[in-house]
Trainee: 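Pasting a structure below so you can have a look.
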Amino acid sequence: MSFSSEVKDELSRQMPQARHCQIAETAAIISLCGRILISSEDNYCIKIHTENIAVARKYFTLLKKTFQADTEISIKQNVYLKKSRTYTVTVAKHEDAMRILKAVRLIDEHQEIGENLSIVGNLVVQQVCCRRSFLRGAFLATGSISDPEKSYHFEIVCATMAKAEQLRAIMATFDIEAKIIRRKRYFVVYIKEGSQIVDILNVMEAHVALMNLENVRILKEMRNSVNRRVNCETANINKTVSAAVKQVEDITYIRDTVGFGKLAEGLEEIALKRLEHPEATLKELGLMLNPPVGKSGVNHRLRKLGSIAEAIREEKQK
């Protein structure tokens, strides 16, 4: 089971206690993945589609518990994709469909269908708890989340920009900054930052998924921290080795051209120690001297030797 399916499975078991929250969740579900059919006799029918059996059960339970509606589930098998099934939850009775549509504010007093789910003036998403339920329903309807082991990506697909803007505005009330991108004929509300995805899971009350994602984030951050430290230490070692190699080359060049006889006593001593111990650090070289010298003192003497070697090379080239 994918991580996205695990999140949906957990959310499908969440049933809001308050009826107004149940209505808010139902509103999101119908708005994002439902269809309203009107017969020639002006009878209304609601059909809600999903490819997830756990989500289909949630739709069925939600409609039954909230509205006591006569509801049925049908399954359609894709002929070409044997594992692909579409579950359709249907409210076929006109009276039940009308009660539901009026409750979720998808139909007005003139029985006109519309997307009247404004976050400003609509009671469906006025309360904080209802906004949580609305987002949960929206994710169950058309949402997905990537495996956090691979990447951080949360999205909900909308048919119109108005719906996408509404979802983004609801998320913003929880200090979650979502973005919208157009993908073919759809509008996708998405989040890519790990901490923000944790927040949206918390808002939707997917606490098990939240903990699993946090565990992955912690492990990834630890690995990244260790890798950064190893890379830093490797870079320092390479830098130290490269410097030591250059120092040995300069000292050998001085010895083979003009010798150490004209060097100051301190420079000759550090030159001999570096040749004897090419792998030693500056601190270790300093402790070998008599009297001992600090790292800065050793570095100064080695740089002086490098300058002398460079001067000899330039003199040779003339």
Side-chain angles (χ1 to χ4, degrees), residues 3 145-154 175-177 179 190-202 207-318:
F3 185 71
I145 183 171
S146 64
D147 184 348
E149 288 280 6
K150 299 176 181 177
S151 64
Y152 298 130
H153 185 84
F154 172 100
D175 295 325
I176 296 170
E177 296 179 10
K179 295 181 180 179
Y190 70 95
I191 305 168
K192 295 192 80 70
E193 189 178 335
S195 60
Q196 292 269 286
I197 294 175
V198 168
D199 291 341
I200 193 70
L201 289 175
N202 185 50
H207 301 304
V208 174
L210 185 155
M211 292 303 297
N212 291 338
L213 190 146
E214 280 286 52
N215 288 337
V216 171
R217 286 184 70 218
I218 291 169
L219 287 174
K220 287 176 77 171
E221 287 176 7
M222 287 178 63
R223 282 199 295 266
N224 291 338
S225 177
V226 170
N227 287 338
R228 283 194 297 270
R229 185 173 298 177
V230 169
N231 291 339
C232 182
E233 290 178 355
T234 301
N236 287 336
I237 290 171
N238 290 335
K239 186 178 178 181
T240 301
V241 169
S242 297
V245 169
K246 181 66 168 62
Q247 291 159 8
V248 170
E249 287 177 356
D250 288 340
I251 293 168
T252 301
Y253 184 76
I254 294 170
R255 181 194 65 190
D256 295 344
T257 53
V258 299
F260 293 155
K262 294 183 179 180
L263 293 177
E265 185 177 345
L267 293 181
E268 182 180 359
E269 184 182 14
I270 195 66
L272 292 171
K273 291 297 180 184
R274 173 49 90 195
L275 291 178
E276 291 173 13
H277 306 279
E279 76 292 342
T281 64
L282 297 182
K283 183 178 180 180
E284 290 169 343
L285 283 175
L287 293 174
M288 297 175 191
L289 301 177
N290 186 22
V293 177
K295 285 173 60 177
S296 60
V298 172
N299 186 49
H300 175 74
R301 294 184 187 185
L302 290 172
R303 289 178 66 181
K304 184 68 176 175
L305 288 170
S307 298
I308 293 171
E310 194 60 34
I312 297 171
R313 290 189 184 98
E314 292 176 358
E315 185 66 29
K316 291 286 185 181
Q317 290 174 357
K318 291 181 179 179

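The structure presented is a predicted model; accordingly, all values stated were derived computationally and were not measured.
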Trainee: Taking 4.0 angstrom as the limit, do Glu310 and Arg313 come out as a salt bridge?
Mentor: yes
Trainee: Of all heavy-atom pairs between Pro148 and Leu213, which one has the smallest distance, and what is that distance?
Mentor: CB-CG, 4.1 Å
Trainee: What distance do Lys179 atom NZ and Lys192 atom NZ have between them, rounded to the nearest 0.5 Å?
Mentor: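 Nearest 0.5 Å value for the NZ-NZ distance: 10.0 Å.
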Trainee: Flag the pair His277 / Met288 as yes when at least one side-chain heavy-atom distance between them is below 4.5 Å, and no otherwise.
Mentor: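 His277 vs Met288: side chains touch.
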Trainee: Start with the C-alpha gap between Phe260 and Arg255, add the side-chain angles, then the distance that decides, and say whether side chain to side chain contact (heavy atoms under 4.5 Å, CB included) holds.
Mentor: CA-CA 6 Å; Phe260 293 155; Arg255 181 194 65 190; 3.5 Å; yes
Trainee: Salt bridge check, Asp250 against Arg303: does any charged N sit closer than 4.0 Å to a carboxylate O?
Mentor: no
Trainee: In Å, rounded to the nearest 0.5 Å, how long is the span from CD1 of Ile308 to CD1 of Ile251?
Mentor: 10.0 Å
Trainee: How long is the span from the CD1 atom in Ile270 to the CG atom in Leu305, to the nearest 0.5 Å?
Mentor: 8.0 Å
Trainee: Would you compute the distance between atom CZ of Phe154 and atom CD1 of Ile176 and round it to the nearest 0.5 angstrom?
Mentor: 8.0 Å
Trainee: How long is the straight-line distance from CZ of Arg274 back to CG of Leu282, given to the nearest 0.5 Å?
Mentor: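 Here the rounded value is 6.5 Å.
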Trainee: Counting only heavy atoms not in Arg229, do more than 12 fall under 6.0 Å of its CZ?
Mentor: no
Trainee: Around atom NE2 of His300, are there more than 12 heavy atoms from other residues, nucleotides or ligands closer than 6.0 Å?
Mentor: no
Trainee: Give a yes or no on whether Lys283 atom NZ has more than 12 heavy-atom contacts from other residues, nucleotides or ligands under 6.0 Å away.
Mentor: no
Trainee: Quick one: does Leu289's side chain get under 4.5 Å of Arg301's, heavy atoms only?
Mentor: yes
Trainee: Roughly how far, to the nearest 0.5 Å, is the OG1 atom of Thr240 from the CD atom of Glu233?
Mentor: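 Reported to 0.5 Å precision, the distance equals 11.5 Å.
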Trainee: Please report the closest heavy-atom contact between Pro278 and Val248, naming both atoms and the distance.
Mentor: CB-CG2, 4.0 Å
Trainee: Ion pair present between Glu221 and Arg217, side-chain N to carboxylate O less than 4.0 angstrom?
Mentor: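 Salt bridge present between Glu221 and Arg217.
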Trainee: On a heavy-atom basis, which atom in Glu177 and which in Gln196 lie closest, and how many Å separate them?
Mentor: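 Distance-wise, the nearest heavy atoms are N-OE1, 2.6 Å.
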Trainee: For the pair Asn202 (side chain) and Val198 (backbone), establish whether a donor and an acceptor sit closer than 3.5 Å, ignoring hydrogens and angles.
Mentor: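 Absent.
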Trainee: Mark yes or no: Lys150 above the aromatic ring of Phe3, with NZ or CZ under 6.0 Å from the six-membered ring centre and no more than 45 degrees from the axis.
Mentor: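 Ring-cation test returns no.
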Trainee: Measuring only between side-chain heavy atoms, which start at C-beta, is Met222 closer than 4.5 Å to Ser225?
Mentor: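 Answer no - side chains too far apart.
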